[in-house]
2 protein chains.
Amino acid sequence: MPVPFSSPDPEPAVPSRRELNKAATRQAITDAALGLLRSKGPGNFTVEDIADAAGISRRTFFNYFGSTDAALASIVHGFLDNAIQQLRLRPADEPMLESAQAALVALADPKAIAPLAELFTLTQQSPLMSHTELEAWDHCRAQVFTVARERLAGTPGAQDELYVHALAGSIISCGKAAMEVWFNRRGPDLSPASLAELRKLLIDAMALLGAGFNTTASPSATRSS
Amino acid sequence: MPVPFSSPDPEPAVPSRRELNKAATRQAITDAALGLLRSKGPGNFTVEDIADAAGISRRTFFNYFGSTDAALASIVHGFLDNAIQQLRLRPADEPMLESAQAALVALADPKAIAPLAELFTLTQQSPLMSHTELEAWDHCRAQVFTVARERLAGTPGAQDELYVHALAGSIISCGKAAMEVWFNRRGPDLSPASLAELRKLLIDAMALLGAGFNTTASPSATRSS
DNA sequence: GCACGCACTTACACTACGTGCAAGTTTGCA
DNA sequence: TGCAAACTTGCACGTAGTGTAAGTGCGTGC
């Protein structure tokens, strides 16, 4: 407490004590959940275990998350929300596929992807995570849909609901596909070479989509480095 | 019954009494679940309610399905399994997107789509169904992946895991998009005109995918009849 | 036709989930 | 300092889902 005045923190909209407490509790919960996932494996711990590890009551856990899955999926949500943020930063007149490519590549960074990679490797072999993870991706799809609809509002021939829905869904599917292939190949490897491969996979996936999956007409898309 | 011998039913591998009983119970459960969904709305009935309505014990319900959601999602599974069957019937040298188009259009038939349409309209406004429905679509995606991998085994430039994963995911996404747009527009309408529109949406969605979402280069894709 | 074995159903018990409620505690504000 | 709102907590309750052991119906070999 160096400053006697109101704002020791130069952040916008001065985060109040309450907000900081809530954020800390939230973080403590996800940390505890991830720790238990590491030590006991998926499905082998209860909400009470998480609450104890986080130093809160069982009831309070449910004030933050609806289930253990939801607590863990918040990691995926964090990553994908970040991706959406990147997507919104792209110029509005850029083609959607290029924007998606850029947003995803920006996220292929150790800092952002490390928790996701660990979560993925810890839950890969068990279908216990699938529920909420699928929901997280679908939530992201809905947000891509919103962004795409805003952008294409004035584009002739693309104002169709069908076009926007299909595009958003396909972008998400290709992003998922790239990540899945990467995890299958590299596991929890976060080395620069591995991340470079992820970036290439993401770019290639979007290129495939843009080329309509025509293998004959995609010069630099399907071959590895 | 023209034959006095063992098989009055010309089906393969004579379904035994046990199998018939199981199938009947399974059907009774899904019927009961759908009925309760109609009368009470999503989330307003329990497993015990379903079991009572189906004339079985609560425990037996769990011998067939893991949750109420799963019981209802079996309808979606039935539809999508049917679609996969149609897909497998297509000639192996046909382009995947055309096969998918054909398989989906073959399913745009009142008989096959009626239960799906009702389920969809009953659960549309509530997210209670999303879990298992997303899983059903993802299960279908995995099967499309398998079919695609088998087909493209010898195709040069397409042997990539990435290509097959991205293709399968995108096909599913576009199929979902077409159905979603159709339900949003038509609700539970199963008239020939409505089904014709669904077929058109499915065809258009696959065409969009095949054209790489290039609006400029898709002559007959995005306009309604 | 009869009895044995297996598949299936059922009741019971138990753990864990998720939520409403009515306290108690902390924070923001006058 | 004192009050109000936000937040945490313990308690109670209904429901989900599973292990187990006993009962019932079906297929099979004798």
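Keep in mind it's a predicted model, so treat the numbers as computed, not measured. So you know, we letter chains A, B, ... as the sequences are listed, proteins then strands, and number each from 1. Both backbone and side-chain heavy atoms feed into the values below; hydrogens, waters and symmetry mates do not.
Qualifying ring-ring contact (aromatic ring centres under 6.0 Å, His included) partners for B/F79, counting only residues two or more places apart in sequence or in other chains: none. With sequence neighbours excluded, the residues that form a salt bridge (charged side-chain N to carboxylate O under 4.0 Å, His left out) with B/E197 are B/R185, B/R186. With sequence neighbours left out, B/Q27 forms a side-chain hydrogen bond (donor to acceptor under 3.5 Å, both in side chains) with B/D31. Listed by chain and number, the residues in a side-chain hydrogen bond (donor to acceptor under 3.5 Å, both in side chains) with A/T25 amount to none (sequence neighbours excluded). Residues passing the salt bridge (charged side-chain N to carboxylate O under 4.0 Å, His left out) test with A/R199: none are found, sequence neighbours excluded.
Spacing between atom CD1 of B/I50 and atom P of D/dT15 amounts to 13 Å, rounded to whole angstrom units. The distance from atom CZ of A/F65 to atom P of C/dA16 is 21 Å, rounded to the nearest whole Å. Rounded to an integer number of Å, the gap from B/L36 CG to D/dT15 P is 14 Å. The CZ atom of A/R26 sits 16 Å away from the C1' atom of D/dT8 (whole-angstrom rounding). When rounded to the nearest whole Å, the span between CD of A/E48 and C1' of D/dT9 equals 13 Å. Distance, B/I29 CD1 to C/dC8 P: 13 Å, rounded to whole Å. Regarding B/N44, its CG atom lies at a distance of 15 Å from the C1' atom of D/dG14, rounded to whole Å. To the nearest angstrom, C1' of C/dT26 lies 16 Å from CD1 of A/I56.
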Donor-acceptor contacts, no H, no angles, side chain residues 167-178 of chain A, under 3.5 Å, sequence neighbours left out:
| unit_1 | atom_1 | unit_2 | atom_2 | d |
| --- | --- | --- | --- | --- |
| A/S170 | OG | A/A166 | O | 2.8 |
| A/S173 | OG | A/G169 | O | 3.2 |
| A/S173 | OG | B/G169 | O | 3.0 |
| A/S173 | OG | B/S173 | OG | 2.6 |

Output a table of donor-acceptor pairs, distance under 3.5 Å, between side-chain atoms of residues 45-58 of chain B and any protein atom two or more places apart or on a different chain; print 'none' if there are none.
| unit_1 | atom_1 | unit_2 | atom_2 | d |
| --- | --- | --- | --- | --- |
| B/T46 | OG1 | B/E48 | N | 3.2 |
| B/T46 | OG1 | B/D49 | N | 3.2 |
| B/T46 | OG1 | B/D49 | OD2 | 3.4 |
| B/D49 | OD2 | B/T46 | N | 2.9 |
| B/S57 | OG | B/T60 | N | 3.2 |
| B/S57 | OG | B/T60 | OG1 | 3.0 |

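At a threshold of 4.0 angstrom between heavy atoms, the contacts of B/Y64 are confined to the sugar-phosphate backbone, with no base atom among them. Backbone-only engagement by B/T46 is indicated by non-hydrogen atom pairs under 4.0 Å involving sugar-phosphate atoms exclusively.
Phosphate proximity of C/dA7 to B/K22: absent, as no side-chain N or O sits under 4.0 Å from OP1 or OP2. Contact annotation: B/S57 reaches the phosphate of C/dT10 (side-chain N/O to OP1 or OP2, under 4.0 Å).
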What are the atom names and distances for every N/O pair under 3.5 Å that joins the protein to nucleotides 1-3 of chain C?
none

Pairwise N/O distances under 3.5 Å, protein to nucleotides 20-23 of chain C:
| unit_1 | atom_1 | unit_2 | atom_2 | d |
| --- | --- | --- | --- | --- |
| C/dG20 | N7 | A/R59 | NH2 | 3.1 |
| C/dG20 | O6 | A/R59 | NE | 2.8 |

Measure all distances between protein nitrogen or oxygen atoms and nitrogen or oxygen atoms of nucleotides 27-30 of chain C, and list the pairs falling under 3.5 Å.
| unit_1 | atom_1 | unit_2 | atom_2 | d |
| --- | --- | --- | --- | --- |
| C/dT27 | OP1 | A/N21 | ND2 | 3.3 |
| C/dT27 | O2 | A/R18 | NH2 | 2.8 |
| C/dG28 | OP1 | A/R17 | N | 2.8 |
| C/dG28 | OP1 | A/R18 | N | 3.4 |

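For residues 47-69 of chain A, no pair satisfies ring pair (Phe, Tyr, Trp, His ring centres under 6.0 Å), with sequence neighbours left out. Sorted by first and then second residue, the salt bridge (charged side-chain N to carboxylate O under 4.0 Å, His left out) pairs with a member in residues 111-121 of chain B read B/R38-B/E118; sequence neighbours excluded.
Side chains of B/S191 and B/D189: a donor on one and an acceptor on the other come within 3.5 Å.
Taking CE of A/M179 as the reference point, atom CD1 of A/I113 lies at 4.5 Å (rounded to 0.5 Å).
Of all nucleotides listed (D/dT15, C/dG18, D/dT8), C/dG18 comes nearest to the side chain of A/R58.
Of the two residues near DNA chain D, B/G66 and A/N63, the one whose nearest nucleotide lies more 5' is A/N63.
Aromatic ring pairs are classed by plane angle as parallel below 30°, tilted from 30° to 60° and perpendicular above 60°; the pair A/Y163 and B/F213 is perpendicular.
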